[in-house]
Amino acid sequence: IAALAAILALVESTVGIEQAFHRFTRVAESGLLADLSFGSRVSQIWPAALSVAAEYPFGSLISAPTVVGLIDSGYLTYYIQGKWVFVASVVLMLAGQLAIGFWCLRRPQFLPGGLMLLFVSIYLALAMVITNPLRMPVVIAFVVFAFWKLRTEVGSRFVCFTPGATSRP
């Protein structure tokens, strides 16, 4: 709590609390569609992208910004590239990551890699509405690291005392 108070004091002394959180208060007061950025996506960018997507019965099968231009939505990007097959693949991937994360929470041993995977999948599911984080190298590296960390945590729980044995499947 002291760190949060220090961060808020730093924000207040530099730019001011009102200025820092102005966009959030404006959205809370006026509604999400009144936000200039999100409102233009919903009313202009996304409908134009969907009208171009209607010309491709199986999706464009190439990079969506090449076909449409600016999209600003991961789900819409995958829809334009491969229609519902691509969207279903992404949703299945995110659901699998969420299931593994929740499975790790129910285990008696604490697995930080599972918690990382749970939070990164929640982030991906929400962030893909207004951006495409699955194309960012840092996000990809973080997901790979979370899976690797989880695998080493689960694999390190088994110790074999038989000479020559390496691990349990």
Side-chain angles (χ1 to χ4, degrees), residues 1-50 63-65 68-80 86-159:
I1 295 178
L4 181 62
I7 291 172
L8 287 175
L10 180 66
V11 168
E12 177 62 36
S13 66
T14 55
V15 295
I17 296 288
E18 286 185 30
Q19 180 65 28
F21 297 105
H22 173 70
R23 184 171 185 177
F24 297 110
T25 56
R26 187 181 68 213
V27 167
E29 291 170 356
S30 305
L32 193 57
L33 292 177
D35 180 48
L36 184 61
S37 175
F38 190 74
S40 67
R41 285 182 178 131
V42 171
S43 64
Q44 298 169 1
I45 296 171
W46 293 348
L50 286 172
S63 177
V68 179
L70 180 68
I71 300 173
D72 279 348
S73 171
Y75 295 113
L76 189 54
T77 298
Y78 293 116
Y79 176 76
I80 291 169
F86 278 31
V87 173
S89 300
V90 170
V91 169
L92 184 63
M93 177 199 68
L94 293 173
Q97 288 179 358
L98 281 169
I100 292 170
F102 283 123
W103 172 78
C104 289
L105 284 180
R106 292 189 358 210
R107 291 177 53 97
Q109 303 93 2
F110 177 69
L111 299 174
L115 193 62
M116 285 174 61
L117 197 60
L118 177 66
F119 284 127
V120 79
S121 61
I122 291 170
Y123 162 74
L124 288 172
L126 296 175
M128 283 186 53
V129 173
I130 58 169
T131 187
N132 196 356
L134 289 177
R135 293 184 184 258
M136 298 175 188
V138 172
V139 174
I140 294 169
F142 197 83
V143 170
V144 170
F145 177 75
F147 271 114
W148 171 80
K149 182 166 179 51
L150 180 62
R151 176 64 185 127
T152 56
E153 290 168 356
V154 171
S156 67
R157 303 284 185 224
F158 301 109
V159 178

Subject >> Worked verdict on L50 versus L76 for side chain to side chain contact (heavy atoms under 4.5 Å, CB included) >> reply: CA-CA 8 Å; L50 286 172; L76 189 54; 3.4 Å; yes

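Shortest non-hydrogen contact noted between Y78 and F86 is O-CB, 3.2 Å. The shortest non-hydrogen separation linking P65 to I71 is N-CD1, 4.3 Å. Of all the heavy atoms in A64 and I80, the pair that sits closest is CB-CG2, 3.9 Å.
Counting heavy atoms from C-beta outward, F110 and L105 have side chains that stay 4.5 Å or more apart. With a 4.5 Å cut-off on side-chain heavy atoms, S73 and R41 do not count as touching.
Rounding to the nearest 0.5 angstrom, the gap separating the CD atom in Q109 from the SG atom in C104 is 10.0 Å.
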Donor-acceptor pairs are to be reported for all side-chain atoms of residues 119-145 against protein atoms at under 3.5 Å, with residues two or more places apart or in another chain.
unit_1, atom_1, unit_2, atom_2, d
S121, OG, L117, O, 3.1
S121, OG, L118, O, 2.7
R135, NH2, Q81, OE1, 3.2

Hey, can you pull the donor-acceptor pairs under 3.5 Å for the side chains in residues 92-101, sequence neighbours left out?
none

Using residues 8-21 as the side-chain source, report each donor-acceptor pair under 3.5 Å to any protein atom, sequence neighbours left out, with the distance given to one decimal.
unit_1, atom_1, unit_2, atom_2, d
E12, OE1, I17, N, 3.1
S13, OG, A9, O, 3.3
S13, OG, L10, O, 2.9
T14, OG1, L10, O, 2.9
T14, OG1, V11, O, 3.2

